[in-house]
Amino acid sequence: MPRRLIKRAELPPTAIEQADARPEVLNVTWAGDSLLVVERDPDGSTRIRNERAPYCAFVETLIVGPEFARALRNDIRVHEVREEGKYTRISFKRRDQCLDICQALQGNGMPTYEGDVNPVRRWMTDRMPRLGNHRIVYLDIETDSRLPFSRKEEMRVLCWAIEGADGVRKVGVLEENTDAAEAQLLQRLLNELQRYDLIAAWNGDRFDFPVLQARFEKRRLSFVAARWLWLDQMVIFQRMNMMAAESGEEKTSFKLGDIATALLGEGKDDFDAAKTWEAWHAGGDERRRMVRYCVKDTNLLKRVEEKTGYIGLLHTLAETCNVFPDTRGANPTIQAEGFLLALGAAQGYRFPTAKVGIHSEKYKGAYVMEPQCKGITKNVHVADFAGLYPSIIVTWNMSPETLVQGELHKQLSDEYAQTGKVPWGYSYVTLTGCFFRTDVEGILPRAVKEVMRLRKYWNKLKASLPPGTPEWVAANRKATAYKIAANSFYGVVGSPLSRFFSRDVAESVTQAGAWLIIQTIDAATARGMTAVYGDTDSVFIAGTNRTEFEVFVEWCNVDLYPAKLVELGCPENLIDLAYEKEFERVVFSCAKKYAGRYVHFKGTAATADSKPEVKGLEFKRGDSLRLARNFQAEVVDLLVGMTNGGHEDPLTFVEVVERWQQRILHGELTLEDVQLSKRLNKELGQYAQKVKNDGEMGRQLPHIEIAKQLLARGHDMGEGVKVHYFIADAKHPDGPLYLAAEDWQGQCDRWEVWDRMVYPPTERLLTAAFPTFDWAPWGKTRPKMPRKRKVKEEAAE
DNA sequence: ACCTGTGGCCTGCTTC
DNA sequence: GAAGCAGGCCAC
């Protein structure tokens with residue numbers, strides 16, 4: 001069996017990607033029964049036009065037959081019936097009628113296709129328009145600080161600042177505290193925005209955009225939101241940065257000031273944003289400072305983009321997936337839907353109408369091995385599967401429509417049980433018992449292959465260009481966009497809310513992966529090596545050397561997998577194990593938590609400034625104490641650091657532990673040292689609240705209780721907000737006392753900070769590295785409380 | 001039309 | 001102190 005079937009990287013991209021002379025489409029929005037289409041002609045003129053919203057469903061031409069087609073044409077709800085080859089398109093006058101008829105046809109055993117597709121997506125899929133080259137503008141506004149966000153309708157806008165990607169800056173300041181002056185201020189903003197197509201603001205979806213919308217309406221300005229794409233730059237930063245963040249410190253805050261400081265080495269202007277009203281009211285220098293602060297913010301937004309290129313990448317992804325680069329277009333489901341519907345349409349394939357209200361049991365996921373080694377383990381070799389899930393999808397030809405179901409599945413299972421051989425024409429997944437037909441290529445494997453082909457094309461082009469040039473950056477973005485798209489397919493198949501959901505397919509993907517790892521571990525063990533760890537797509541092997549392990553990996557690729565996959569009926573083989581790195585030493589705290597230092601990474605020898613690899617430890621977590629992170633970082637450095645590391649005497653670490661213990665119990669502590677940060681992942685009201693057995697309301701988690709307090713003080717405490725707090729007194733008579741960070745007075749519960757928050761994470765790591773040494777005694781610093789007297793004794797007095 | 005997935009560790013709260 | 005639950009964040 002050939003190891004590689006895809007050799008099409010030389011071919012040019014599809015026609016979709018080639019430049020054309022059609023108008024650029026900047027935005028399409030669904031309003032009532034029409035679509036608002038924003039377009040720009042080659043001469044640069046922009047216009048908004050109305051189109052009838054397309055409400056369509058497809059049926060199979062062969063099944064529907066000419067007579068039923070006639071009946072449909074005579075139905076008053078039907079606008080048009082058109083045969084388009086294999087499928088017949090039925091257009092409806094209203095969306096609810098389209099959905100009703102789909103359900104009725106489905107009930108009568110006539111399958112319908114794509115009947116639930118949103119009209120904007122329908123339009124995009126039918127047209128495959130040329131995505132506009134959106135002119136980007138960064139925006140920030142300052143509003144009356146005396147009002148909370150919940151009263152945005154009454155919240156006067158005090159000033160605005162915009163900066164185009166081209167560097168053009170404009171500012172507007174409220175002249176006087178009157179409605180007329182504000183109307184004038186906002187009208188100027190609207191005029192300036194006409195030159196742009198995409199508006200980016202930090203936290204824009206939760207603040208700037210809704211406030212502006214509310215104020216435009218309040219001041220009765222004529223305003224069509226659909227003219228622009230609205231992009232919350234913070235949301236895409238969070239999404240794209242998730243993959244890149246190195247330490248926990250970077251994750252504690254998504255405030256623009258903190259991000260800019262970390263990224264650009266320069267934060268926001270020194271100005272208290274909670275005092276905008278006072279600053280505006282004072283006028284003069286105070287007011288000018290507020291305006292400067294606002295201008296600086298928009299400039300930071302622009303520079304964050306120049307540094308990260310995330311909006312540029314989003315635009316490329318949007319182009320690739322036939323969606324718009326706004327906040328919504330950053331969702332993987334939206335991207336995958338856009339890509340798959342477009343690919344299906346181009347290849348004459350339509351997807352079944354999505355069923356509503358499916359909810360399903362969770363399915364089994366990846367294989368994670370308990371670490372099999374204690375202490376400091378030397379010379380551990382790591383191999384992983386390249387693009388595991390996409391390659392499984394192609395190798396087994398897994399797709400919702402190639403999955404064998406019902407009676408045939410039973411027949412094939414019986415046949416397999418009797419003969420011990422996978423029936424011809426099908427592939428088999430051992431751990432789920434699912435079969436996939438292999439006589440036709442599934443739409444999902446087809447999509448994965450197309451994405452892989454295009455990724456190769458752009459990578460090859462990138463390699464031919466001088467690094468850093470605009471052409472190189474563009475090719476790099478294209479390649480990255482395709483990689484992201486390829487990885488999102490599996491998640492979308494596993495999501496019950498997506499139209500491509502198939503529990504069996506998703507579980508077969510993960511279980512084929514688990515099976516592959518287990519085969520690999522078994523083979524390594526049979527050769528006398530020791531598998532010490534593995535997670536999803538990786539194996540960690542000790543008791544071998546570099547040459548032997550290289551030979552083993554090659555043998556897996558050339559012999560082991562091909563033979564096993566033929567037995568399972570796989571039509572091709574994209575499975576590829578790659579030797580990634582060797583750890584000189586590695587310490588496992590538990591599954592998903594370890595630290596190690598390299599001998600080499602992908603063949604390149606580690607140098608004195610190579611950083612150790614740290615996974616999952618509190619050092620990497622944004623919700624741990626800074627003191628806990630710094631303490632653990634020092635211990636990690638002594639354990640596995642390149643220049644300071646390599647210590648193997650526990651007493652070296654005892655000194656460090658005692659120094660940190662003294663510092664925390666007696667030294668100076670700042671708020672930043674001891675505060676915890678946790679996100680609100682729901683609206684405050686959505687959190688479960690229990691009633692205790694005694695009838696009182698139970699306590700909620702500290703960050704939720706604190707968030708309620710802050711809300712009462714007028715802070716915005718919506719979903720996504722990070723709550724900062726600290727432990728003031730763990731032994732307070734009314735139960736543990738947590739306080740909001742803003743209530744910091746320089747005091748906290750030092751014993752609690754050390755015993756419960758700072759020491760345990762590192763204690764676990766030390767115990768993992770030196771299992772025979774007792775690390776517990778350093779963790780009990782709180783003095784014993786005088787024993788509480790029993791109520792009886794008290795009463796007797 | 002809020003919404004990619006599962007596996008795993010850990011904390012805080014309540015009850016037994 | 002153990003067990004069960006909610007919730008957050010991380011590995012993949």
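Residue numbers begin at 1 in each chain, while the letters A, B, ... track the order of the sequences.
A donor and an acceptor atom, one from each side chain of A:Asp232 and A:Thr327, are nowhere located under 3.5 Å apart. Between the side chains of A:Lys708 and A:Gln700, a donor-acceptor pair is found at a separation under 3.5 Å.
Separating the CD atom of A:Gln686 from the P atom of C:dA6 is a distance of 15 Å, rounded to the nearest angstrom. Between the P atom of C:dG8 and the CD atom of A:Glu618 lies a distance of 18 Å, rounded to the nearest Å. Here C:dC10 presents its P atom at 13 Å from CD of A:Gln632, a figure rounded to the nearest Å. Rounded to whole angstrom, the span from the CD atom of A:Glu683 across to the C1' atom of C:dG7 amounts to 16 Å. One interatomic measurement links the two molecules: NZ of A:Lys722 to P of C:dG7, which rounds to 18 Å at whole-angstrom precision. If you take CD of A:Glu370 and P of C:dA11, they are 17 Å apart, rounded to a whole angstrom. Rounded to whole Å, atom P of C:dG8 lies 16 Å from atom CE of A:Met757. A:Lys615 places its NZ atom 7 Å from the C1' atom of C:dA11, with the value rounded to the nearest Å.
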Please table the atom pairs, donor to acceptor, closer than 3.5 Å between any side-chain atom in residues 333-342 of chain A and protein atoms at least two apart or in another chain.
{"from": "A:Gln335", "atom 1": "NE2", "to": "A:Gly329", "atom 2": "O", "distance (Å)": "2.9"}
{"from": "A:Glu337", "atom 1": "OE1", "to": "A:Arg499", "atom 2": "NE", "distance (Å)": "2.7"}
{"from": "A:Glu337", "atom 1": "OE1", "to": "A:Arg499", "atom 2": "NH2", "distance (Å)": "3.2"}

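Within 4.0 Å of A:Tyr367, counting heavy atoms only, lies no atom of the nucleic acid at all. When heavy atoms are screened at a 4.0 angstrom cut-off, A:Lys678 is found touching the sugar-phosphate backbone but no base atom. Counting any heavy atom pair closer than 4.0 Å across all strands shown, A:Ser495 reaches sugar-phosphate atoms only and no base atom. Backbone-only engagement by A:Asn693 is indicated by non-hydrogen atom pairs under 4.0 Å involving sugar-phosphate atoms exclusively. Residue-level contact check: A:Phe489 touches neither bases nor backbone, having no heavy atom under 4.0 Å from any strand. Residue contacts shown for A:Arg764 are limited to sugar-phosphate atoms, with no base heavy atom under 4.0 Å away. Within the nucleic acid shown, A:Thr333 comes within 4.0 Å of sugar-phosphate atoms alone, with no base atom in reach, counting heavy atoms only. No contact: A:Ala506 has no heavy atom under 4.0 Å from any strand. A:Gly491 comes within 4.0 angstrom of a nucleotide base, judged by non-hydrogen atoms across all strands. Residue A:Tyr738 is in sugar-phosphate contact alone, with no base atom involved, counting any heavy-atom pair closer than 4.0 Å across all strands shown.
Annotation: proximity of residues 699-711 of chain A to DNA chain C (heavy atom, distance under 4.0 Å) is found for A:Leu701, A:His703, numbered in ascending order.
A centroid separation of less than 6.0 Å is found between the aromatic rings of A:Tyr598 and A:Phe583. A:Phe540 has its ring centre less than 6.0 Å from the ring centre of A:Tyr594. Ring pair A:Trp230/A:Phe209: centre-to-centre distance below 6.0 Å.
Judged as a salt bridge (Lys or Arg N to Asp or Glu O under 4.0 Å), not a single pair has a partner in residues 692-701 of chain A (not counting sequence neighbours).
Salt-bridge annotation for A:Asp749 and A:Arg782: present, with a side-chain N of the basic residue lying under 4.0 Å from a carboxylate O of the acidic one. Between A:Arg328 and A:Asp326 there is no salt bridge, since no side-chain N of the basic residue sits under 4.0 Å from a carboxylate O of the acidic one. Between A:Glu719 and A:Arg206 there is no salt bridge, since no side-chain N of the basic residue sits under 4.0 Å from a carboxylate O of the acidic one. Taking a cutoff of 4.0 Å between a charged side-chain nitrogen and a carboxylate oxygen, A:Arg626 and A:Asp673 qualify as a salt bridge. Using a 4.0 Å cut-off between a side-chain N of Lys or Arg and a carboxylate O of Asp or Glu, A:Lys362 and A:Glu507 do not qualify as a salt bridge. Residues A:Arg629 and A:Glu618 are not paired through a salt bridge, judged by the lack of any N-O separation under 4.0 Å between the basic side chain and the carboxylate.
Heavy-atom distances to DNA chain B give each of A:Val368 and A:Val492 a nearest nucleotide, and the one nearer the 5′ end belongs to A:Val492. Positionally, the nearest nucleotide of DNA chain B for A:Thr536 lies more toward the 5' end than for the other of A:Met369 and A:Thr536.
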| field | Intra- and inter-strand pairs of DNA chain B in dot-bracket (Watson-Crick or G-U wobble, both distances under 3.5 Å; | for another strand) | value | ....||||||||||||

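Annotation: C:dC12 and B:dT4 have their C1' atoms spaced 14 Å apart (nearest Å). Distance noted for atom P between B:dA1 and B:dG5: 16 Å (whole Å).
Within the structure, a side-chain polar atom (N or O) of A:Tyr594 is placed less than 4.0 Å from OP1 or OP2 of C:dC12. Phosphate contact (OP1/OP2 of C:dG7, side-chain N/O of A:Lys682, threshold under 4.0 Å): present.
With A:Phe588 as the aromatic partner, A:Lys593 does not meet the cation-pi criteria of under 6.0 angstrom to the ring centre and within 45 degrees of the ring axis.
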| message | ring pair (Phe, Tyr, Trp, His ring centres under 6.0 Å) for A:Phe237 and A:Trp202? Distances and angles first, verdict last. | response | CA-CA 9 Å; A:Phe237 186 90; A:Trp202 201 263; 5.7 Å; yes

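Rounded to the nearest 0.5 angstrom, A:Ile706 CD1 and A:Leu680 CG are separated by 11.0 Å.
Note that the first and last nucleotides of DNA chain B, 5' to 3', having any atom under 4.0 angstrom from a heavy atom of chain A are B:dA1 to B:dC16.
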Listing time: all N or O pairs from protein to nucleotides 3-5 of chain C that are below 3.5 Å?
none

